[in-house]
Each structure stands twice: as structure tokens, then as C-alpha cells.
Amino acid sequence: MAMTMHVDIVSAEEAIFSGPAERVFASAVMGEVGILPRHTPFLTQLKPGEVRVITPDGEENFYYVSGGMLEVQPHAVTVLSDTAVRAHDLDEAAAIQAKEEAERALQDKAAEIDYAQAQVELAQAVAQLSAIKRLRGRR
Amino acid sequence: MAVGKEIRTKIKSVKNTQKITRAMEMVAASKMRKAQDRMIASRPYADKMRTVIDHLAHANPEYKHPYMQVRDVKRAGFIIISSDRGLCGGLNSNLFRKAVVTMKEFDEQKIEMRFCTIGTKASGFFKRIGGNISAQTAHLGDTPQLADLIGSVKVMLDAFDNGEIDQLFLVYNDFVNTMTQDPKVEQLLPIEPKEDAQLSHHWDYIYEPEAKIVMTQLLTRYIESLVYQGVVENLACEQAARMVAMKSASDNAGDLINELELIYNKARQAAITQEISEIVGGAAALS
């Protein structure tokens, strides 16, 4: 029997593939890589592209990943797939947006309205509770 | 019959409330199941990530990443995960209480704090207590996506990179089971090296293109996945807590209805008795 290694392909939101394989191909940032069992420890970034897994019975499985990381141990390969398209600029934009949102929330009065609304609701609840107590007392 | 009109309206309104709470309970139950599935689905990634990070800690990298270096703590950052909506029992207040206890300790040590809030409840609370909020995300809905969190997490990681914070914590609810949710404060950064590293075995990865770039990406993804896991877990907690809160609300409404009905029936009976005695009295007076 040919040698195999354990392959896991996971993304933050779900597990995509897990099982033995004879060979794995992936598109790393420095070019396509092919991994066989007993590869030396290896860590690289992946480009958006396909990951091919060849299982022991010769079947070829294709998975698309939108970038991520590839970790290789002599008997295990792990593909940590990204769920979103990532780029430095995009990340930067998202960070700026989160910051702006915080600033906006600090300035606008919407949350204060929330607070006022909560107070009104609380007052109502308290009034209802005391009404219930009075009703119980009357019995 | 005009007897007990107020009581009848009251019963009707309590019944309406009970209908709503019962509906909310059922919605929360089904959402909780979905949230739990999502929580389980996201676990393998975090587990694998942790394995790789462990490997990294065991290896002897030529490059030591700042995220793995412990430094003097002068300022700390918190990522607080809360729900967007209320009506989920004491879930958020328990979490905030836990966070406030930790913050107090930091305050005594004169450590400045910065916050990143996820969910409207957290941003409302920390704004009220005058916290320094540097980023926020809200309205993630029932299917939170990692992409929605990247921005907020990056703000905190950048702050760590620039030395604006020296420690980063994640505050969230841990889903134990439907009845129990455990508020937790977890340290994200720096990643503490495990003591049991087998130093006898000297090896290192081959990094492509370069150790620094690869490790930055890996560690960033790691932190993001932990935060995502926290968000998903918190969502399951929220639905579970809401389900339990709504169940007890429905039960309370049921008790209230029983009591009100008893009062109403008594009043009705008293009125009938009075009427009969009036009729009998009237008849007796005539004869």
C-alpha cells in the first residue's frame, strides 16, 4: 500500500475535508506546490485557487479556496482556508469602517434614545409589578 | 354584565403577552439549534489553528513574532462580545459584571483600557460608563460572518502593533449547555508560550515567502478565528438564554392568568349572589 498522510481542509465557518491522501496540490504564493507524505515541515500562504487532493483509491478531489495558509507536517497537511477575499487594502478599509462606526456611535444620540426607551419600559414594568402585587394583596 | 371589566381586559392583555413570549421562546429554541450547529462547525478551524500554533511554539523559529512576546503591561485592550438585542435574561449584565470586575483590577494597577465592542448592548454599556471605545461592530444577525469582524479585530491588532496596547483580552459568553452560560475573560495577546514545549527536538518550518509575513498572517487568522468562535458561541448563548427567559415569562404569565381568573370568578359570583338576594328581597317585600 502506498504511503498516505492525513489531510484536513478547514475554514473558519466549516470543516471542508478530512481524510487520508496520497498527494496534495495547492497554489501557494510562490507557485504551485505538490506535497507527498514525509515532506519536511513547511508553512506557506495560499493564493486564491484550487486545492487538489488525491485519495488512496486514486480519486481526485478539487476544492476551491480563496486564499489561506498551508501547513505541512511529515504525516499531516492542514489547509486553513479563508472564508472571505482578503487583501491588505480591503482589511484596511474594514478597520477604518469599524473605527468610524465607533466614533459615530459616540456622537449620535441614537443610543441615548435607546437608553430613554429602556427607562420607559422599566418604569412600565415596575408599575405592572406593583399592580400585580396589589391585586395579590387584595385577594 | 359589567362585572370585572378591568379584570377581563387585564386577563386579555396578559394572554396576549403570553402568546408573544411563547412565540419568542419557540423562535429562540430553533435559532439556538442552528447557532449550536454553527458553533460546532467552526470548531475544527480553531482546533487546527491551535495545533499549528502549538507546532510553531515547539519549533525553533529564527524569527520571534511580537504577538508571542510578553511585554510590560501599561495599557490593555478588550474585545467585548455581546448580543444585539435584549430580552435574554441576565446574559449581558452577567458578562458586563465580569468585565467590570477585571477592569477594576486593571484600574487599581493604573492600566489604561481600550475597548472594541461587538453587538449593540456592549457599545451602549461601555459608552455609558465612559469607556474608550476604539472600534465597534453591530448587527451581525443570526449568521455572523468572519468577514464582518475583520475590521474591528484589525483595529485592535494594529493598536497592539503600534504599542498602544500591551495586552488584548476577549470577553464573551461560553456556551456550556442550554441552562448554563459562562461569562469568560480570555487573553488573546500576547500568546503565552506553553511550558511543556519539547526542546529536545530542534526543527523549524520552511517558510514561504518569509517567516515574518507567514507568521503575521497565521497569527492574525488565529486571533480572528478565536473572536469569530466567541461571536458564534455568544450567539448560541443568547438564544439559549432568551429561550429560558421566555419560558419563565410564559410560565409567570400563566400563573398570573390563573390568579386573575380566580379573582374575576369570585367577583362575578359575588355579583350574582347579590343580584339574587336583591330579587328575593324584592319578592319578599311584595308578598
Item checked: A/Leu80 vs B/Arg221, side-chain contact (heavy atoms from CB on, under 4.5 Å): CA-CA, chis, key distance, verdict -> CA-CA 9 Å; A/Leu80 301 159; B/Arg221 297 287 189 279; over 6 Å; no

Item checked: Criterion side-chain contact (heavy atoms from CB on, under 4.5 Å) on B/Leu146 and A/Asp82, from CA distance to verdict -> CA-CA 9 Å; B/Leu146 188 72; A/Asp82 285 344; over 6 Å; no

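- In this structure, A/Met30 and B/Pro209 approach most closely via the heavy-atom pair SD-CB, 3.6 Å.
- When heavy atoms are compared at a cutoff of 4.5 Å, A/Glu71 approaches chain B solely by way of its side chain, counted from C-beta outward.
- If you tally non-hydrogen atom pairs under 4.5 Å between each of A/Thr44, A/Leu43, A/Val10 and chain B, the highest count goes to A/Leu43.
- Within the 4.5 angstrom heavy-atom criterion, only backbone atoms of B/Ser134 (N, CA, C, O) approach chain A.
- With a 4.5 Å cut-off on non-hydrogen atoms, B/Leu149 does not touch chain A at all.
- The environment of A/Arg52 atom CZ is dense: over 12 non-hydrogen atoms of other residues, nucleotides or ligands sit within 6.0 angstrom.
- When every heavy atom of B/Glu208 is checked against every heavy atom of A/Val29, the shortest pair comes out as O-CG2, 4.4 Å.
- With chain A as the partner, the residue from B/Ala46, B/Ser225, B/Ala135, B/Gly151 showing the most heavy-atom pairs under 4.5 Å is B/Gly151.
- For chain B, the nearby part of A/Ser81 is the backbone; its heavy atoms alone come within less than 4.5 Å.
- Heavy-atom distances place both the backbone and the side chain of B/Gln145 under 4.5 Å from chain A.
- No hydrogens or angles considered: a donor-acceptor pair under 3.5 Å links the side chains of A/Gln73 and B/Tyr205.
- B/Leu260 touches chain A through its side chain: at least one heavy atom from C-beta onward sits under 4.5 Å away, while N, CA, C and O do not.
- Taking CD from A/Glu14 and CD1 from B/Ile40, the interatomic distance works out to 14.0 Å, rounded to the nearest 0.5 Å.
- Residues satisfying the ring-ring contact (aromatic ring centres under 6.0 Å, His included) criterion with B/Phe126, sequence neighbours excluded, are B/Phe96, B/Phe115.
- Rounded to the nearest 0.5 angstrom, A/Asp8 CG and B/Thr51 OG1 are separated by 8.5 Å.
- Using a 4.5 Å cut-off between heavy atoms, B/Met156 makes no contact with chain A at all.
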